[in-house]
Amino acid sequence: MSNLEQTLSIIKPDAVERNLEDKIKTMFKNEGFKIVKEKKIKLEKTDAEKFYKVHETKPFYNDLCEYLSSGPIVVMILEKTGAVLDNRRLMGATDPKNAEDGTIRKEFGLSIDKNSVHGSDSIDNAKIEINFFFNN
Ligand code: CDP
Ligand code: MG
């Protein structure tokens, strides 16, 4: 038996800027995701640094945090059976060049950094990330 799960999704600044919000939400809905909660916000860089703390030793960390806080983003809780893995599958590979046809990053991603969406990578991280944006 598989379980109903929730995962955190972010439509990143490059996609919001290009007005892709509705198209991306349609892709989620077509794959059976329910958007349980959503909000459009703009992060401070310090918020982005907290959110991406897991990457703090990576060479791209500073640019990543600058970028995520560079413009409005749409943060959503997505729900369906197997949501975490199914969202990762629908997003496609981190680098849009390697993403498969039909994935969000293949359709819309511009580059490895401007890759249009974030999605939690595990059930535990989904809980932490949902809490980060929605439980305060
Ligand atoms: O987002 P995803 O889980 O697929 O990738 P990640 O390895 O957790 O990296 C987080 C984010 O950092 C990516 O989505 C990219 O926006 C960015 N990144 C980057 O700018 N350069 C890299 N070499 C790797 C990741
Ligand atoms: Mg990740």
Side-chain angles (χ1 to χ4, degrees):
M1 273 281 289
S2 23
N3 295 313
L4 197 61
E5 284 173 11
Q6 292 190 336
T7 191
L8 186 92
S9 171
I10 302 177
I11 303 177
K12 293 182 174 182
D14 68 274
V16 174
E17 190 175 80
R18 287 177 290 147
N19 292 313
L20 296 172
E21 188 179 331
D22 288 345
K23 284 186 178 144
I24 291 173
K25 284 181 188 168
T26 298
M27 289 176 83
F28 288 131
K29 288 173 192 163
N30 287 345
E31 287 297 312
F33 290 93
K34 182 177 166 193
I35 300 172
V36 176
K37 284 188 187 173
E38 62 172 290
K39 59 183 178 183
K40 187 182 270 185
I41 54 174
K42 187 175 178 303
L43 296 181
E44 297 296 329
K45 191 179 177 196
T46 50
D47 299 320
E49 286 167 350
K50 278 182 210 145
F51 180 72
Y52 273 133
K53 194 163 171 51
V54 60
H55 291 305
E56 72 184 330
T57 61
K58 308 274 172 63
F60 56 82
Y61 179 64
N62 185 60
D63 287 347
L64 175 61
C65 297
E66 282 284 356
Y67 165 63
L68 194 71
S69 57
S70 67
I73 59 174
V74 179
V75 188
M76 295 167 288
I77 300 175
L78 302 181
E79 186 176 270
K80 71 173 283 200
T81 301
V84 173
L85 212 61
D86 279 7
N87 180 39
R88 293 295 304 191
R89 209 176 286 136
L90 179 58
M91 287 164 59
T94 306
D95 187 342
K97 286 204 296 284
N98 302 325
E100 290 186 26
D101 285 349
T103 63
I104 296 171
R105 284 168 165 173
K106 174 74 176 193
E107 284 298 299
F108 301 124
L110 298 173
S111 55
I112 192 165
D113 49 336
K114 295 188 166 116
N115 58 9
S116 302
V117 280
H118 166 86
S120 309
D121 63 3
S122 68
I123 294 177
D124 285 348
N125 282 335
K127 286 178 184 153
I128 293 167
E129 293 180 355
I130 286 169
N131 199 51
F132 183 88
F133 282 109
F134 289 99
N135 282 24
N136 43 22

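What you see below is based on every heavy atom in this structure, not just the backbone, and it leaves out hydrogens, waters and symmetry mates.
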Will you find, in the side chains of N135 and K127, an N or O donor that is under 3.5 Å from an N or O acceptor? no
Could you grab the distance from atom CE of M76 to atom CD of Q6, nearest 0.5 Å is fine? 13.0 Å
In one Ile/Leu/Val/Met/Phe/Trp/Tyr side-chain cluster, 4.5 Å: I130, V74: no
State plainly whether one hydrophobic cluster holds both I77 and L90, where clusters connect Ile, Leu, Val, Met, Phe, Trp and Tyr through side-chain heavy atoms under 4.5 angstrom apart. no
Are V16 and K40 side-chain neighbours, meaning at least one heavy-atom pair lies under 4.5 Å? yes
Mind checking the CG-CD1 spacing from N87 to I104? Nearest 0.5 Å is all I need. 6.5 Å
Side-chain donor/acceptor of Y61 to backbone N/O of E49, under 3.5 Å: yes
Are L8 and L64 co-members of a hydrophobic cluster defined by side-chain heavy atoms under 4.5 Å apart? yes
Nearest 0.5 Å, please: how far is OH in Y67 from CG in D14? 3.0 Å
Within a strict 4.5 Å, meaning less than it, do heavy atoms of the D86 and E31 side chains meet? no
Can you see which heavy atom on L43 is nearest to which on I41, and at what distance? CD2-CD1, 3.7 Å
Taking the side chain as C-beta and beyond, is there a heavy-atom pair between M27 and F33 under 4.5 Å? no
Counting neighbours of NZ on K45 that are heavy atoms of other residues, nucleotides or ligands and sit closer than 6.0 Å, is the number greater than 12? yes
Short side-chain donor-acceptor distance under 3.5 Å, S122 and D124: no
Which residue in the set I35, L78, I24 passes side chain to side chain contact (heavy atoms under 4.5 Å, CB included) when paired with K29? I35
Smallest heavy-atom separation, R105 atom then P96 atom, equals O-CB, 3.4 Å
Could you see if V54 belongs to whatever hydrophobic cluster contains F132? Use Ile, Leu, Val, Met, Phe, Trp, Tyr and a side-chain cutoff under 4.5 Å. no
Which label fits F60 and H55: parallel for a plane angle under 30°, tilted from 30 to 60°, or perpendicular past 60°? tilted
When you group the ILVMFWY residues by side-chain heavy-atom contacts below 4.5 Å and let the links chain together, are L68 and F133 in the same group? yes
Salt bridge (Lys or Arg N to Asp or Glu O under 4.0 Å) evaluation trace for K25 with E38: CA-CA 11 Å; K25 284 181 188 168; E38 62 172 290; 2.7 Å; yes
Pi-cation contact, F108 with K12 (under 6.0 Å, within 45°): no
What is the distance from atom CG of N115 to atom NZ of K106, rounded to the nearest 0.5 Å? 14.0 Å
Please examine the side chains of S116 and L110, heavy atoms only from C-beta on, and report whether any two atoms are closer than 4.5 Å. no
Going by heavy atoms in the side chains, are F134 and K39 under 4.5 Å from each other? yes
Say you draw a straight line from OG1 of T103 to CE of M91; how long is it, rounded to the nearest 0.5 Å? 9.5 Å
Looking at L85, I123, V84, N125, which hits side chain to side chain contact (heavy atoms under 4.5 Å, CB included) with T7? V84
F51 side chain near V75 side chain, heavy-atom distance below 4.5 Å: no
Between K80 and G32, the two heavy atoms sitting closest are CB-O, 3.6 Å
Are there more than 12 heavy atoms of other residues, nucleotides or ligands under 6.0 Å from atom NZ of K97? no
Nearest-0.5 Å distance that lies between atom NZ in K42 and atom OG in S70: 7.0 Å
